[in-house]
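Here the structure is laid out as structure tokens; the discussion comes afterwards.
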Amino acid sequence: MSGFQDLLQFVFAGITSGAIYALIALGFCVVHNTIGIVNFAQVDFVSLGGMFLFSGLFWSGLPMVVALPCAVAAVTLVGIVVERLGVRPSRSQNHLVLIFLTIGISIILRGGMKLIWGKNRMAVPPLAGEEPLRIAGAAILPQAVAILVITTLAIGLLVFFFRGTRLGLCMRAVASNQTAAAVVGIPVGRVKAASFALAGGLGGLAGVLVTPITTLSYDVGVLLGLKGFAAAILGGFGSFPGAVLGGLLLGLLESLSAGYWSSAYKDVSAFVVLLLVLFVRPKGLLGK
Amino acid sequence: MLELRNVSKWFGGLPALQDVSFRIAPGQVTALIGPNGAGKSTLINCISGVDRVQAGSVLLARRPVEALPAFKIAALGVARTFQNLKLFSRLTVLDNVLTGLTVAAERSFAVSMMRLPALRHQERQLRLRALKALDDFGLAKKAHWPASSLSYGEKKRVEMARAFVSDPRLVLLDEPVAGLNTEETAQIARHIRRQRSAGHTMLLVEHDMELVMEVADQVVVLDSGRCIASGKPEAVRSNPLVLEAYLGRMEATA
Amino acid sequence: MLTTRDNLFYFIYLHRTGLTVLALGVVLVAWPVMESNPYNLGLSNLIAIYAIVVLGLNLFIGYAGQISLGHAAFFAIGAYGSAIGTVTLGGPAWPVMMAVALVAALIALAVGLPALKLSGHYLAMATLGFNIVVYTILVQWDAVTGGPSGFAGIPYLTIGSVVFDNEIHFHYLVWTFAMVALLLCLNLVRSGVGRGLAALAEDETAAAALGVDTRRAKVKVFILSAVLASVAGSLFAHCYAFVSPDSFNIFVSVDFVIMVVVGGMGSIWGTLFGTALITLLPEWIEALESFKDIIHGLILVMILLFLPQGLVTGIVDAVRTRIALNRHA
Ligand SMILES: Nc1ncnc2c1ncn2[C@@H]1O[C@H](COP(=O)(O)OP(=O)(O)O)[C@@H](O)[C@H]1O
Ligand SMILES: [Mg+2]
């Protein structure tokens, strides 16, 4: 295999995982923009997506095309429940308290998944076939193509949601100025619930897409999710284009350093570069 | 003592302060008046280093301080209160006042952790000063209460005690009687008069014209970020510009 | 005229902190006499070690108002630093412990200086990332760290001819360290520095306007907490003679945060309670092993929802306010 084919292979792998990070990062941003906190339960939305897909396929025997949207919808629902029961009742406005609260919720969700699905690793079949496609000499899994296509579609839908729908506009209003939004009669509470729903949907989607490539376990989302968080910060926390850019860059960085340096230290390189970028440009790449 | 030279400040293109210049002599009380949104709080923030001026300079004892961070300006002897109370609700009243002595207290972590006799002695002195200040403001009895359990008027007084406890060179008071009833207002006015006769230099933002006329040596009027008049209280009161811009509008809104 | 009794009460009130520390010290000295079960002693020793970490972390969270989700990394630096320094490099244990603490301080400076310029989530990210980096190195660099199977054969600590090699000796060793750390932290929070930090945690602008160098204060507390975590890590390594990466992953960091929250942000005494409760909880709910995580999470969520200042601080604050209001009603 030539050097170019290697490079192509790494780049493709990087974009694929980058797409996943971007979805997760978007989930972090949505909640951050409306509530102003880091929602650490986001990482478990990813695992939950995989879990619900698994159950849909093997417990209920649904076909993939049905199980996949159902799984995403189920995680969306979980997002709403989390906001309703976990975040909204908080009497504190202190961000420290709210962030720790989401950590607590995350622990509960993980504990719950462990109870329901057990601690063992499971496998989820890919959306498309298993036979790798050959593009310019590089081998690419159909699942990777599916990830790219669906992620692009999802981001397109998200853009439409924020620009073209009433709720989306409300969410942008709340993000830019919560008090003003409340004054002009935007239902801030419902917007916050919607942001968690959206975060759940995005995390769940990342989960159903990625678990066929990784394996599935109750804590699969932790590292993936934290990298999504890192991607969001890299791009500039709260910025949607930043989240996508940060995700892709992080994915590329990881896959290139795994390919050319050491796969054992790919997590290290990702986080070290992140810390260095923050050192030079503390607001992230596209942050305001 | 304090001199402002052509101080300007914008918030995203909108001017909040434009070419403001005046000086405060030691021992004087300067009242800063002007309609809401005139830029009074912004000016106080700029002097105390909480906000940055974007043009012009702030001189404290002839030394430019506009580029210094807030904590350094505090160390130079500038104390302030906030228009919207900033008390530390989890600390006791006494500890709140003690935070006003941060500049006088030991700053080394290592020394503080050892708590050697010298530090204990210093702490005792600081406590006595803080208790004295609380007594001056009539709050000695509530020294050990959590600050959150006080009434609004009491909180305002704690904040004043916290500002005056360090015997600062300059005290910036941002609307000390806003939101208080007549009795509480009279109480605060008494404290301001007392601090004035004790020789404290103050910049007082206030809407209560009666109080202003009584305690101020000098009045500065801001309108839409511009200094439209300054001088002796009587002179300013009869200045037609002020009557038009300030009082006229006040009546219009009243 | 004060009576003798008044004087006594006043003396107690004046020296309440010192007296409480003294009383706890006496109980701790006597403890091994009453409790000779090495398993239980081992648990209380673990509480002491964790308490040292959590004390520092509580200063950082509760007083400086910042987030760290990576303190297990500093704990790891202490543990592995001591292990490598004494076994691989053959250095003497106590100086190595100090050198490692210094290294931890420098690393904290390097991580904290840029991250503390920003607030909240950036620091959460930086510390989390740092923890993941350290953990990955522990697992992957097996030539030096022993990899996933851990690092064994760490020597016991000695002072003169005394070797700290059993649970009773450990007890005196680790609790001495914990009590010293407790005393130092209590002194710090009762000083001008501590009031400045408490001010900083509540309102940065107000604190700065009062003369607190907020940035510097945050970095200093971060370094202090890193040093405490490193020392605790060194003790951990020397007492167990064995360390493995699993004691230092991000979930351990999260557990430290839970201990802070349970004890109460900003409550030094609460730290001991929070650490003890979270360390002992798995023992009490052993039968419910599979519910352990959910119970941990529920404790955290319930406390944050109903007593956001933490269990101990929340209750103490409520009682104090109640008393003050009643007295003057
Ligand atoms: N942080 C800020 N961002 C944007 N605009 C501000 C900010 N603070 C004050 N302003 C604006 O600056 C002007 C002056 O405000 P302020 O100094 O608070 O007035 P005053 O204290 O005289 O009532 C107002 O128009 C206000 O809207
Ligand atoms: Mg104002």
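Numbered from 1 within each chain, the chains take letters A, B, ... in sequence-line order. Scope of the values below: all heavy atoms of this structure, side chains included, with no hydrogens, waters or symmetry mates.
For chain C, the nearby part of Ala105(B) is the side chain; its heavy atoms alone come within less than 4.5 Å. For Val189(C), no part lies near chain B; criterion is any non-hydrogen pair under 4.5 Å. Neither the backbone nor the side chain of Ile73(B) comes within contact range of chain C, judged by heavy atoms closer than 4.5 Å. If you measure heavy-atom distances from Phe109(B) to chain C, the contacts under 4.5 Å come from both the backbone and the side chain. Interface remark: Leu197(C) contributes side-chain atoms only to the contact with chain B (heavy atom separation under 4.5 Å). Proximity to chain B is absent for every atom of Ala201(C), based on heavy atoms less than 4.5 angstrom apart. Contact annotation for Ser48(B): neither backbone nor side-chain heavy atoms come within less than 4.5 Å of a heavy atom of chain C. Both the backbone and the side chain of Ser89(B) have a heavy atom closer than 4.5 Å to some heavy atom of chain C. Only the side chain of Thr92(B) comes within contact range of chain C, with at least one heavy atom under 4.5 Å from a heavy atom of that chain. With a threshold of 4.5 angstrom between heavy atoms, Leu87(B) approaches chain C through N, CA, C or O but not through any side-chain atom.
With respect to chain C, the highest number of heavy-atom pairs below 4.5 Å among Arg80(B), Arg162(B), Lys72(B), His144(B) belongs to Arg162(B). The candidate with the highest count of non-hydrogen atom pairs below 4.5 Å against chain B, out of Leu184(C), Leu224(C), Asp213(C), is Asp213(C). Most heavy-atom pairs under 4.5 Å with chain C, from the set Gln122(B), Arg120(B), Arg115(B): that is Arg115(B). Highest contact tally toward chain B, considering only Ala198(C), Gly192(C), Cys185(C), Gly211(C), is held by Gly211(C) [criterion: heavy-atom pairs under 4.5 Å]. Most heavy-atom pairs under 4.5 Å with chain C: of the set Ala70(B), Ala104(B), Ser112(B), Gly49(B), this distinction falls to Ser112(B).
The two residues Ala209(C) and Ala74(B) come nearest to each other via the heavy atoms O-CB, 3.3 Å. Across every non-hydrogen atom of Glu106(B) and Val193(C), the tightest pair is O-CG2, 3.5 Å. Annotation for Thr99(B) and Ala199(C): closest pair CG2-CB, 4.3 Å, computed over non-hydrogen atoms. Phe71(B) and Val212(C) get closest at one heavy-atom pair: CB-O, 3.3 Å.
At least one donor-acceptor pair under 3.5 Å links the side chain of Glu202(C) to the backbone N or O of Arg90(B).
Summarising the local packing, CZ of Arg215(C) is surrounded by more than 12 heavy atoms from other residues, nucleotides or ligands at distances under 6.0 Å. Taking a 6.0 Å sphere around CZ of Arg129(B), one finds it holds more than 12 heavy atoms contributed by other residues, nucleotides or ligands. A 6.0 Å sphere centred on CZ of Arg216(C) holds no more than 12 heavy atoms belonging to other residues, nucleotides or ligands.
Interatomic distance, CZ of Arg195(C) versus CD of Glu123(B), reported as 4.5 Å (0.5 Å rounding). Interatomic distance, OG1 of Thr102(B) versus CG of Leu200(C), reported as 11.0 Å (0.5 Å rounding). In this structure, CG on Leu183(C) lies 9.5 Å from CE on Met114(B), to the nearest 0.5 angstrom. Taken from CE in Met113(B) to CG in Asn187(C), the straight-line distance is 8.0 Å, to the nearest 0.5 Å.
Under the 4.5 Å side-chain criterion, counting only non-hydrogen atoms from C-beta, Phe88(B) is in contact with Leu210(C).
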